[in-house]
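Worksheet: the structure to be examined is printed underneath.
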Amino acid sequence: MVTKNRSVYRAVLLILVLICSMVVPVMAAEPIRIGAFVSATGPASFLGDPELKTLEMYVEKINAQGGVIGRPLRLIHYDDGGNANEARNFANRLLRSDRVDLIIGGSTTGTTMAAVPLVERAGRPMISMAGALVITEPVRPWVFKTPQSDRMAAERVLADMQSRGITGIGLISGTDGFGRSGREQTLAVAADFGIQVLADQTYGPQDTDMTAQLTRIRNTPGVEAVFNFGFGQGPAIVTRNYAHLGIELPFYQSHGVASDRFLDLAGSAAEGVRLPASALLVPDALPDDDPQKQVVQDYKAAYEARWNMPVSTFGGYAYDALMLAVAAIEAAGTSEPKAVRDALEQIQGHVGVTGTFNMSPDDHNGLAPESFRLLEVRDGQWVLVD
Amino acid sequence: MALRLPERVPGLPVLALVLLLLPLFLGNEFHLDIATQIALIAATVVGLNLLVGYGGQVSLGHAAFFGMGAYASAILTGTYGWTSIPALVCGALLVALLAWTLGRPILRLKGHYLSMATLGMGIIIAIVINNEGWLTGGPDGLAVEPLTVMGAELSIFDHYSLLGLEVSGALLWYGLAALLLLLAVWIAQNLVDSPIGRALRAVHGSEVAARVVGVDTSHYKLLIFVISAVYASVMGSFYAHYTGFITPQVASFEHSIELITMVVLGGMASTYGVILGAVLLMLLPQLLTDFQDYEMMMFGLILMLTMIFMPKGLLPTLSEAVRRLRPRPASAPASGQE
Amino acid sequence: MFAEFLQYLFSGVTIGATYAMVALGFTLVYNASHVINFAQGEFLMIGGMATVSLLAMGVPLPLAIAMAVALAAVLGVALHKLAIAPARKADVITLIIITIGASIFLRGLAQIIWGKEFHAMPSFSATESVNVMGAVMYTQSLWVLAVAGVLVLLLALFFTRTLMGKAILATSMNPGAARLMGIRTQFVLMLAFMLAAVLGAMAGIMVAPITLTAYDIGIMLGLKGFVAAAIGGMGSGVGAVVGGLLLGIAEAMTAGYISSDYKDAVAFLLILVILFFMPRGLFGARVAERV
C-alpha cells in the first residue's frame with residue numbers, strides 16, 4: 001500500500017510540474033500558434049516528410065531570430081498518414097483543442113478537402129500544400145494554397161509538346177489522388193493545344209511493374225510522345241520500364257517527381273525526360289537577375305545542410321506556406337485570424353521558392369503559369385530548358 | 001471460449017448512463033467530435049461481433065459494407081437530391097443483397113472461406129469506388145450533405161432549440177450517435193438471446209454436432225452475416241453525414257482490418273468488450289501523436305502485447321481478473337471454458 | 001502481336017514468381033499453425049532494405065544478401081518465440097491479429113532505421129535487358145525465376161526427403177498425433193516461421209532491382225502473396241506456386257489487353273470465382289473434417 005501511495009504522490013507532483021511548465025511560458029510573450037497536419041508517413045510521405053522537416057526547421061530559425069511581431073512561433077503538428085479522416089480529426093483538434101491561429105496543411109487534396117468544412121466554419125486561415133484546382137476554385141474565404149494547380153502543370157507540358165509539333169500522345173497516370181486529378185486536367189485541356197490523347201493508361205500507387213501499360217501505349221498508332229502524371233516511386237518505375245522497353249518517343253513527367261530523389265531512383269533511364277518544376281531544382285542555372293534565385297539557393301542550402309538529404313519541391317510548398325503566413329501576420333500586426341486572412345489576400349510580389357505570389361480576393365493561389373520552369377534531364381542533371 | 005456474456009451487471013443501463021454523463025467530462029468540441037465518431041464505429045463493431053463472436057466467421061471486408069452505405073448516402077443525397085433516410089435504406093438494401101449473394105454459396109462450405117470471399121469482395125469494391133470518379137469523386141473524396149430528416153437538417157455547425165434549450169448541432173449529433181449505439185447493442189443482445197443466437201452458439205461449439213441435431217447451420221450463418229453487413233452499412237451512412245466528407249479509405253482493406261482488430265482486441269463475443277476495443281483503437285492515434293516518428297512502431301507494439309498477454313481480449317480478461325480478486329469461492333461456474 | 005503477348009508474359013511471370021515465393025511463406029506457416037501470417041510481406045521489405053543499406057556500406061553483394069537473409073531468419077524466429085509461442089493457446093484469429101501488430105511494428109521500426117525514402121538496387125548482372133523474339137526481358141527477371149525455381153525445388157526435397165520436413169508435414173496434418181509421435185510441434189512451428197522469413201527475404205531481394213524498395217513495400221506484395229496462396233488453396237505448396245504465377249500473368253494480361261484501372265481487381269475477382277466454383281482452391285487439400 002505504501003508504494004502505491006508514493007506513486008500517487010509522484011503522479012500528482014508530475015502533473016503539477018506539467019501544469020506549471022505549460023503556464024509559465026504563457027506569462028512571457030504569448031506565442032503565435034501555428035497548426036500543421038501533414039502526411040509524414042503513409043503513401044504520401046513523399047510530400048509530408050519534407051514538408052514537416054521544412055516547417056520544423058524554419059520555425060526554429062524564426063524563433064532564434066526573435067519570432068514574428070515580437071512573439072515566438074509555436075508549431076503544433078500532427079501526422080495524418082495520408083488518411084483523410086485522420087486529417088479531418090487532426091484539423092479539428094488543432095482548431096478546437098489546440099486553438100491555433102492558423103493552419104498549414106494538408107499534403108494531399110483529399111486530406112485538405114476533408115478539413116475544409118471545419119476550417120471554414122471555425123474561421124481560421126488554412127494554407128494547403130496540395131495541388132488540385134478544386135482547393136482554391138471556387139475561392140473559399142479561409143482556404144489558400146501554395147503549389148501551382150495540376151492544370152497549370154498539364155498546360156505547361158502540353159504547350160511544350162505543341163511547340164515540338166506533337167499532335168497525338170499517350171497518357172499514363174497513377175490511380176492515387178494526384179494522378180487521377182492530373183489525368184482529368186490533362187484530358188480536359190489537351191484539345192486546346194491541338195493534342196489528342198490516344199492512349200490512356202493507369203497504374204496503382206503500389207505497383208511494381210508498368211511494362212504492360214507502356215507496351216500498350218507504344219503499340220497505339222499515332223502516339224508521338226508519352227506523358228506520365230504521377231508522384232512517388234511509381235513514375236520512377238515507369239521511367240525505368242520506358243528505357244527498358246527501348247521506347248524512343250519524347251517522355252514527359254509531371255511536377256510530382258520534381259526531386260533529386262527521382263534522379264537516384266530512375267538512374268540513367270531518366271535521360272531526356274522533361275518536366276515542369278519550380279526553380280528549386282536548378283537554383284544555379286537561374287539568371288542572376290531572377291528574383292527567385294536568392295530565395296531558392298538559400299532554402300536549398302539550409303535544407304540540405306540541416307537534414308543531409310536532397311531538397312524536394314514539396315518541402316518548398318511548406319516553406320512558402322510558412323513564409324506567406326509570417327508575411328501576413330507581419331502585415332496585419334496581429335495574429336487575429338480575420339486580420340491575417342485579409343492580409344493573406346493582399347499579398348503582392350511575395351517571392352517564394354515555388355514562384356512569386358500575387359494573391360487577391362479572386363485568387364487564393366497567386367501563382368502565374370510562368371512559375372513552372374521546364375526542365376530536362378541531361379547527364380543525370382536537371383537542365384533548364386525554358 | 002467464453003460464449004456467454006461475462007457481465008452479470010445490467011450492461012445496457014450502465015452503458016446508457018456512461019453515454020449520458022460523458023459530455024460533462026469532455027473538454028471541448030473536438031473531444032465531443034471524437035466521441036461521436038467512436039460511438040458510430042462502435043455500433044458497427046457490435047454488428048461485426050455478431051458475425052465473429054457468435055457466428056464464428058471472420059469478415060475481412062466489412063469496411064466495404066460500411067463504405068457502400070456511406071457512398072450510397074453521399075451520392076443519393078448529394079447528386080440525386082434524395083433525403084437521408086430513403087438513401088440510407090437504399091444503401092442498406094443494396095448491402096444486404098450483396099452480402100446475401102456472396103454469403104449464400106460461401107457459407108454452405110465449412111471452414112473459413114468467408115474471410116477470403118469478403119477480402120476479395122471488399123477490395124474490389126474499394127477499387128471501384130476509387131476508379132469511378134464521375135460517381136464517387138475518386139481518391140480525392142466526396143463532400144456529403146448534412147443529415148436531413150423530415151425537412152429538418154441536422155448539421156454539426158448549427159444550433160437548435162430543444163425543449164426550450166439552446167443545443168449545439170454537435171451535441172445533438174453526439175446524442176444521436178449514442179442512441180444508435182444503444183440501439184445496436186439492444187438489437188445485438190436480443191439476437192444473441194433469441195433462437196438464432198442459441199443456434200449460432202451451437203454452430204460455434206461444433207458445427208458438425210449442430211448439424212447432426214438438425215440445426216440448419218448455413219442458414220443461420222447467412223442471416224447473421226447479412227445482419228452484420230447491414231449494421232455496417234447503416235452506420236456508414238450516418239458516419240458520412242456526420243463527417244461531411246468521405247474518401248475511398250472508408251471502404252479500404254486497412255479499415256476492414258481495423259474493424260476486425262477492434263473486435264478481437266476488445267474481446268470476441270463480448271458486446272461491451274468490442275465497444276471498449278473500438279474506443280481504444282480510435283483513441284490510440286490521438287494519444288500517440290507525441291511519439292511522432294515512433295508512432296507506428298508504438299501502435300504495432302501495443303497491439304501485439306495486448307493480444308499476447310490478453311488473448312481473450314481486454315474486457316473478458318479484465319472481468320476475469322476482477323472475479324478472481326473477489327475473496328468468495330467460485331460460486332459462478334466457469335461456464336463455456338474449454 | 002506475339003511480341004506484345006510475350007512482353008506481357010515476361011512481366012507477369014517475373015512478378016508472379018515473386019508472389020509465388022511470398023505465397024509459399026504463407027503456406028508454410030498456415031500448414032504448421034493455421035495462422036495467416038500478415039507479417040509475411042514485411043520480410044520482403046526487410047530483405048530488400050537490409051541488402052540496399054549493406055550495399056551502401058560497401059558490403060559486396062553476395063555477402064549483403066546472405067546477411068539480409070540471416071537477419072530475416074532471426075526476425076522470423078523472434079516473431080515466433082516472442083509473439084506467437086507465448087500466445088499459443090489463443091484463438092487463431094487472435095494469433096492473426098498478433099501478426100498484424102507485428103507487421104505494423106516491423107514497418108514502424110524500419111521507417112525509423114532506414115527512413116521513408118524509396119531506394120534503388122543495382123541489377124545483379126551487368127547487362128540490364130535482353131531481347132527475346134521482339135520482346136524485352138530484364139536480366140533480373142531471369143535471376144528472380146532461377147532463384148524461385150531453386151527455392152521451390154529445395155523446399156520440395158526438404159519436405160519429401162528429410163525427417164525434419166516430414167515432421168512439419170505430420171504436424172500440419174495432425175498436430176496432436178504428431179506430438180504423440182515425439183515431434184516437438186513448437187520447434188516445427190518455429191522452423192516454419194524461419195523458412196517463411198527466408199523465402200520472403202529472398203523474394204524481396206531478388207525483385208528489388210526491378211521494383212525499387214522502401215519501408216512500406218511489404219503491404220501490397222504481402223497481400224498479393226496471400227491472394228496467390230488463397231487461389232492455390234491455402235495450404236498447398238504446388239497451389240501457392242501456381243497461384244502466384246497465375247496471379248502475376250493475369251494481372252499483366254489484364255493491364256495489357258483489358259483495363260489497367262481494373263488489373264488489381266482481377267486478382268480478387270479470381271478469388272471469388274475460385275471460391276464459388278472450386279472452393280478448396282486449385283490445389284486445396286481434400287480432407288475429412290474431424291469432429
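Predicted, not measured: the structure shown is a model, and the values here were computed from it. Proteins come first, then strands; the chains are lettered A, B, ... in the order of their sequence lines, and each starts at number 1.
B/Ile125 places none of its side-chain heavy atoms less than 4.5 Å from the side chain of B/Phe65. Inter-residue side-chain proximity for B/Gln57 and B/Phe225 is flagged as unmet; no heavy-atom pair is nearer than 4.5 Å.
For B/Ser228 and B/His62, the side-chain atoms include at least one donor-acceptor pair closer than 3.5 Å.
Within the 4.5 angstrom heavy-atom criterion, no atom of B/Ile302 approaches chain C. For C/Ile271, the part sitting under 4.5 Å from any heavy atom of chain B is the side chain, from C-beta outward, and nothing else. Neither the backbone nor the side chain of B/Val263 has a heavy atom closer than 4.5 Å to any heavy atom of chain C. At a 4.5 Å heavy-atom cutoff, C/Lys89 makes no contact with chain B through either its backbone or its side chain. Within the 4.5 angstrom heavy-atom criterion, only backbone atoms of C/Leu82 (N, CA, C, O) approach chain B. With a 4.5 angstrom heavy-atom cutoff, C/Tyr215 touches chain B only via side-chain atoms. Within the 4.5 angstrom heavy-atom criterion, atoms from both the backbone and the side chain of C/Ile98 approach chain B. Both the backbone and the side chain of C/Leu109 come within less than 4.5 Å of a heavy atom of chain B. At a 4.5 Å heavy-atom cutoff, the contact between B/Leu301 and chain C is made by backbone and side-chain atoms alike.
With a 6.0 Å radius and a threshold of 12 heavy atoms from other residues, nucleotides or ligands, B/Tyr294 has its OH atom at or below the threshold.
Ring centroid separation for the pair C/Phe38 and C/Phe226 comes in under the 6.0 Å cut-off. Ring-centre distance between C/Tyr8 and C/Tyr257: below the 6.0 Å cut-off.
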| task | Carefully, step by step, assess C/Tyr19 and C/Glu251 under the rule side-chain hydrogen bond (donor to acceptor under 3.5 Å, both in side chains). | result | CA-CA 12 Å; C/Tyr19 295 159; C/Glu251 276 182 11; 3.0 Å; yes
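Between chain C and the options B/Thr261, B/Asn131, B/Ile124, heavy-atom pairs under 4.5 Å are most frequent for B/Asn131. The greatest number of non-hydrogen atom pairs below 4.5 Å with chain C, out of B/Ala126, B/Gly313, B/Pro105, B/Gly122, is found for B/Pro105.
Residues C/Lys116 and C/Asp216 are not paired through a salt bridge, judged by the lack of any N-O separation under 4.0 Å between the basic side chain and the carboxylate.
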